[in-house]
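As structure tokens, the structure follows; a few thoughts come after it.
Along the sequence shown, the residues carry numbers beginning at 1.
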Amino acid sequence: MLRVFAIFLIVLSLSAGIGEFCGLLLPTLSWPFTAAREMSFLHASGFDEGIWTHEGRFLWFGWLCVLAGLVLGVSLLALPRARLFISPISHRRWKRFRSIRRGYFSFLLILLFCFLAALDQCLVGKRALFVEMNGRWYFPAFTRTVLPGSLFGLAGNAAQAEADYRLLDRLEGEPGFPAKVIMPPVPYDPTVDAAPFPIEPLERRGGLFYRRGDTSPFNGQASRLYSEDGADQHLRMRFRQGMPDGPALGWDRRRNEVYSARYRQGALVSEHYTGEGTVKEFLKQSSETFHFIYYHPSPPLIGRHLLGTNSQGADIVAWLFGGLQVNLKAALLYLPIVYGIGLTVGLSMGYFGGRFDLIVQRCIEILAQIPFLFVIMILSDLAPLQFKGLFLTAVLLSLFGWMSMSYLLRTSAMKEKTRDYVAAARVMGASTPRILFTHILPNQLAIIVTLAPFSVSAVILSIASLDYLGFGLPDTCASWGRLLNDGLANLSSPWIVTSGFAALAISLLLVTFTGEAVREAFDPKRISCYK
């Protein structure tokens, strides 16, 4: 099993390195290089352009992750075959874990969510997975190169900017536009991607206008449009009992301008009228049907938004997906740091004892009295803008998350150092690090594995708390805590806070159930080498 994992790790590491050489944006594998591009302290500048540099920057963090994966994979392959087999006691622990149905199925769901998050832009993103234009194939979602709209037949300002693939998806098959466009299932980015307003045409029955599915005539405001996405409105009309009651205000979302809409004797003149042709011809460009526009936040199941949008116009499903990825990345950064510090300090305290143990205990007690959330809020607020991000937040949380683990390992190490196998290792001349990490540490496996799920739930809750208070991740990162904050500020749109709360509660429940099952399976009173 470990040999298969080692080969899989080597293949992933090589794929990440080759993808960077070729300028590809691979799902999940390219994340270390993306993080190195976004954060200045994770790359070195001032280099000439070459195969190892990009725009004069050496992305050392990305290449370090590739090298670490290769070294770990090769090291596992180099282990003797006898050490790659799972021991009988591990088999019994796994059997015990599977017998606890609640924890086992929670673990399977966590693996499923991790797999979905690893697919990244294949599931969620505004870039098309595949575009066929004039017989040529393009894969915009899997390349770092930005393709302009002119390449796919767009004109005007859209030709110079990055292609609007959602617009190209609607224009698929028309002359001068792509013959085939395949979008992700959720065609929106988690952040910095405001969706257009969902629109719904009013139905005309017997001379009156109705909302779709309603039996009562429409009352409210509806608009005549001259663009399919509802961004530009010719006229906004008030309706009473299904009949137009008079003009209201027109609004151009792209220009953020409000103008008076006077429709008497063709007198509507807006900033979009260029003077070409008559005003009546200009007005005829609008659709014959009135449309009801759902302004953000729009409710669920409207348009292409399964769970609706938030107040910034972001798709909530995409936001939840981005928050899941952020939590998984934070856990991957948080756990190695916490375990590295906690294991080292805890084993050292228990093994050496005496004054060293006393001094370190007093230091931990002092640190434990500090309200770590307030400290992290202050440090994250004082940090320069280029340092803010997921990496800084995970490191700050790690500085306070290792203390409880060190106490548990200290107690266990004090018990283990009196065993005969430790005395035998000393007699044979084993060094102190070898005794700690080769002989004592493997016997702490139950503590290490048991604490892992609860450490994950702690980092998820901490990040959500910081983002809810506004001192966590930057706006370019999706966060469930920020979604909760937005939902509580817009209680008239209950789907926002409900989605954020449900995602946070379900994830914490799944991790907690898994942790309880792991603790039960590794309980030495139930599973030992003698039964």
Side-chain angles (χ1 to χ4, degrees), residues 97 100-118 319-343 346 368 371-377 380 390-409 444-469 471-473 477-485 497-523:
F97 176 73
I100 307 173
R101 294 298 181 184
R102 184 176 65 181
Y104 179 64
F105 286 118
S106 297
F107 177 68
L108 293 181
L109 285 175
I110 291 175
L111 291 182
L112 175 62
F113 290 147
C114 292
F115 173 73
L116 294 177
W319 191 286
L320 294 177
F321 184 83
L324 174 63
Q325 289 182 315
V326 165
N327 289 330
L328 291 177
K329 293 174 183 177
L332 292 177
L333 291 172
Y334 176 83
L335 290 180
I337 299 175
V338 166
Y339 273 76
I341 300 175
L343 290 176
F372 77 96
L373 271 180
F374 289 103
V375 174
I376 294 174
M377 288 165 55
S380 62
L390 179 61
F391 188 86
L392 176 64
T393 304
V395 170
L396 291 176
L397 290 173
S398 303
L399 296 179
F400 293 91
W402 56 271
M403 290 178 282
S404 59
M405 179 186 301
S406 64
Y407 271 118
L408 293 174
L409 290 171
Q444 317 301 317
L445 182 62
I447 298 176
I448 295 171
V449 175
T450 301
L451 288 176
F454 300 104
S455 299
V456 172
S457 62
V459 70
I460 292 175
L461 190 58
S462 298
I463 289 179
S465 302
L466 288 172
D467 288 327
Y468 175 79
L469 297 173
F471 293 92
L473 304 176
C477 297
S479 168
W480 295 345
R482 192 177 299 115
L483 190 64
L484 286 174
N485 193 346
V497 67
T498 302
S499 301
F501 177 78
L504 188 61
I506 291 173
S507 61
L508 292 177
L509 280 176
L510 291 178
V511 174
T512 302
F513 290 159
T514 303
E516 290 177 349
V518 169
R519 182 173 57 189
E520 185 77 11
F522 279 80
D523 188 354

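Partners of Phe97 by ring pair (Phe, Tyr, Trp, His ring centres under 6.0 Å), not counting sequence neighbours, listed by chain and number: Trp94, Phe107. Shown here are the side chain to side chain contact (heavy atoms under 4.5 Å, CB included) partners of Leu328, two or more places apart in sequence or in another chain: Cys114, Ala117, Leu324. Every residue was checked against the side chain to side chain contact (heavy atoms under 4.5 Å, CB included) condition with Leu332, not counting sequence neighbours, and none meets it. Residues passing the side chain to side chain contact (heavy atoms under 4.5 Å, CB included) test with Ser106 are Leu510, Phe513, Thr514, sequence neighbours excluded. When the side chain to side chain contact (heavy atoms under 4.5 Å, CB included) test is applied to Ala503, the partners found at least two apart in sequence or on another chain are Leu320, Trp480.
If you take CD1 on Ile376 and CG on Leu469, they are separated by 11.5 Å, rounding to the nearest 0.5 Å. Of the inter-residue distances, the one linking Met405 atom CE with Ile448 atom CD1 reads 8.0 Å to the nearest 0.5 angstrom. Here the CG-CG distance, from Leu461 to Leu466, works out to 10.0 Å after rounding to the nearest 0.5 Å. Distance check, rounded to the nearest 0.5 Å: OG of Ser404 to CG of Leu409 gives 9.5 Å.
Counting only residues at least two apart or on different chains, no salt bridge (Lys or Arg N to Asp or Glu O under 4.0 Å) pair has a member in residues 444-458. Listed by first then second residue, pairs satisfying salt bridge (Lys or Arg N to Asp or Glu O under 4.0 Å) with a partner in residues 510-519 read Arg102-Glu516, not counting sequence neighbours. The side chain to side chain donor-acceptor pair (under 3.5 Å) pairs that include a residue from residues 456-468 are Asp467-Ser479, where partners are two or more places apart or lie in different chains.
For Ala330 against Ile463, the heavy-atom pair with the smallest separation is CB-CD1, 3.2 Å. The two atoms that bring Val326 and Ala478 nearest to each other are CG2-O, 3.4 Å, heavy atoms only. Taking both residues in full, the closest heavy atoms of Gly500 and Leu484 are given as C-CD2, 3.8 Å, listed atom of the first, atom of the second, then distance. Nearest heavy atoms, Arg482 versus Leu473: NH2-O, 2.6 Å.
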N/O donor-acceptor pairs under 3.5 Å from side chains in residues 390-398, not counting sequence neighbours:
residue: Thr393; atom: OG1; partner: Gly389; partner atom: O; Å: 3.0
residue: Ser398; atom: OG; partner: Ala394; partner atom: O; Å: 2.6

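Side-chain N or O atoms of Tyr339 include one that pairs as donor or acceptor with a backbone N or O of Ala452 at under 3.5 Å.
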